[in-house]
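Okay, structure first, notes after.
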Number of protein chains: 2
Amino acid sequence: MSKQPGRQKGPVTSRDVARLLGVSQSMISRAFDPRASVSPANRTRIVEAARALGYEPNVIARSLATRRSSIVAIVMGSMENPFYTGVLDQLAQALDEAGLRSLLFRVPPGQDVDDQLPALRRYNVDGLIVASASISSRIAAEWRRDDRRVVLINRTVPDASVASISCDNCGGGRQLADLLLDSGHKRLVYVAGPRNTSTNRDREDGFMEGLMERNAGLVGRIDAGEYSFNAGAAAAHRAAALKPDGIFFANDILALGGLDALRHELRLQVPKHVSVVGFDDIEMASWPSYRLTTIRQPVSEMVSSAVAAVAASATAQANSISLPGLLVERGSVMRRHGM
Amino acid sequence: MSKQPGRQKGPVTSRDVARLLGVSQSMISRAFDPRASVSPANRTRIVEAARALGYEPNVIARSLATRRSSIVAIVMGSMENPFYTGVLDQLAQALDEAGLRSLLFRVPPGQDVDDQLPALRRYNVDGLIVASASISSRIAAEWRRDDRRVVLINRTVPDASVASISCDNCGGGRQLADLLLDSGHKRLVYVAGPRNTSTNRDREDGFMEGLMERNAGLVGRIDAGEYSFNAGAAAAHRAAALKPDGIFFANDILALGGLDALRHELRLQVPKHVSVVGFDDIEMASWPSYRLTTIRQPVSEMVSSAVAAVAASATAQANSISLPGLLVERGSVMRRHGM
């Protein structure tokens with residue numbers, strides 16, 4: 001049987017590995033520090049030799065010396081929105097490929113991210129990626145002073161010390177306004193998500209600007225209150241009372257709940273009687289039962305930008321990056337007569 | 001302004017907290033160790049005093065002394081199956097409530113969990129919860145020797161040292177066999193998931209036993225190969241060629257893909273022409289477009305059992321727990337004539 005890590009009699013030290021390869025001990029520890037600049041070839045050579053000897057660097061012990069744990073905390077709000085479970089999946093993979101670990105913090109509904117952060121500091125994490133939740137500028141600034149990066153996904157705070165990666169939510173809202181006006185819609189309703197989210201604010205702003213530029217407006221605005229399937233269904237009932245010919249739901253999970261309510265509860269045909277558009281392009285939006293026209297967020301680009309930003313040195317400029325969304329036209333919008 | 005943690009001039013030590021409360025320093029550190037037996041009242045009193053003083057115990061430093069990091073690694077295989085993103089969401093919450101942190105490890109498709117574990121040991125995690133992936137008995141035994149718990153969700157390995165929490169997949173398969181036979185189905189097809197998963201094996205075994213006991217059988221078995229929406233759609237095309245009156249898809253995400261393919265691509269009515277059942281009861285199974293009849297896995301019970309098992313002392317007996325599923329009848333099964 002081949003030698004197994006953890007089967008060692010005495011613990012193998014970095015000195016043993018260094019001796020085997022004829023390099024310095026610091027070279028060995030740097031090879032196990034994803035932030036240290038070591039040529040890929042050398043890193044591979046060292047990691048393989050270490051594995052062969054059964055050497056396991058104690059990252060936690062090292063982190064006390066270097067104040068680097070190679071652990072990035074991912075703070076997630078609600079996972080009710082499938083968009084963010086997709087983001088989480090890709091984030092965990094991308095961090096893994098960058099040699100970083102994901103410490104997952106779930107913010108219970110109603111609780112503030114800021115409350116969680118002291119607990120987080122105890123784990124000496126290198127940085128913070130916050131998705132589907134927000135964080136106060138004050139706390140973000142504290143982290144920054146502490147030489148730790150904070151990156152927000154799809155949220156913005158008015159603070160230069162926080163990197164933020166978003167889809168161009170405003171631009172996406174405009175695209176949907178143009179799409180609905182170009183296809184002859186006259187009675188539009190906007191179904192809003194949570195008031196405190198920049199996604200909802202920016203999508204609505206972009207949509208309204210797009211309408212106003214062309215002297216169009218809404219026949220009504222419905223507040224869904226939260227991003228969930230059931231909230232979308234409830235909002236559809238209130239929207240239908242306004243006899244709309246087109247509804248923009250602030251995100252896809254709302255739109256899918258709305259679509260099902262319009263078809264199966266209100267007996268309306270989509271898009272024949274009313275067109276429906278959403279935002280995000282979650283997987284279910286493409287399912288044959290829905291074929292939802294929506295704006296696709298560039299998730300993989302957003303994730304790689306977030307990982308790059310959190311891995312960057314804290315002294316580097318924190319940028320706010322906004323990436324364009326892509327209009328994906330499926331079957332939920334119809335060209336209206338009498339244009 | 002109130003005093004903020006991290007705003008301290010000099011670092012506050014456990015001695016300061018101990019002095020304030022007139023208790024021993026070890027009492028303070030034990031209050032911050034979820035495994036130490038401290039009365040809830042005392043723990044609350046200490047944690048609040050610590051917060052007031054801005055005391056932040058360094059969990060990582062303590063973990064070196066106690067070999068307890070209060071970090072539990074969650075190892076996830078594919079997140080393509082929404083069932084496991086639901087499990088992850090509840091796991092992260094339950095661990096949080098138990099004062100434990102979730103270190104998320106994503107096993108890249110095709111890669112073996114065992115390959116990841118050496119990396120995991122570096123983080124000195126207290127235990128391991130493996131979901132939608134499996135682990136070899138050898139590695140599990142190593143961890144056990146190492147005084148760390150390993151808990152599998154919905155997987156079983158022939159090893160007494162591994163705790164395993166499953167839904168009674170075999171019993172659920174039987175319930176579906178009885179349901180389809182009782183409602184007069186004569187031409188049944190089973191659509192199988194990945195060959196190497198105990199979920200697929202046990203669900204199929206239970207279903208086949210249920211059929212055989214009543215001298216019934218299948219008109220065909222289709223191998224979907226993976227648990228995904230698209231695999232379910234592809235399997236539905238092959239299943240339809242067998243002219244079935246009932247199809248059991250090994251899980252819900254397969255069944256939803258199958259339902260959409262049967263209705264929108266093959267122009268068959270479900271349940272009029274063919275009944276469809278799945279397994280898991282993921283959120284989408286209840287959406288009006290699907291109304292899938294399925295077996296509900298008791299996720300919250302499974303999650304709390306898993307957290308209890310991983311928090312238990314490693315010397316405690318590792319049990320394999322199997323919890324019954326619940327048949328949820330919706331609109332995807334029809335009573336056949338000529339019974």
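So that the names make sense, note that chain A is the first sequence line, chain B the second, and so on, each numbered from 1. From a predicted model like this one, the values you see are computed outputs, not experimental measurements.
- Residue A:Asp89 holds its CG atom at 14.5 Å from OH of B:Tyr84, rounded to the nearest 0.5 Å.
- A:Leu95 does not touch chain B: none of its heavy atoms, backbone or side chain, sits under 4.5 Å away.
- Partner A:Leu104 forms a side chain to side chain contact (heavy atoms under 4.5 Å, CB included) with one of B:Leu91, B:Leu103, B:Leu88 and no other, that one being B:Leu88.
- With a threshold of 4.5 angstrom between heavy atoms, A:Glu283 approaches chain B through side-chain atoms but not through N, CA, C or O.
- In this structure, no portion of A:Met76 lies under 4.5 Å from any heavy atom of chain B.
- The shortest side-chain heavy-atom distance between A:His264 and B:Ser289 falls under the 4.5 Å cut-off.
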Please table the atom pairs, donor to acceptor, closer than 3.5 Å between any side-chain atom in residues 229-236 of chain A and protein atoms at least two apart or in another chain.
none

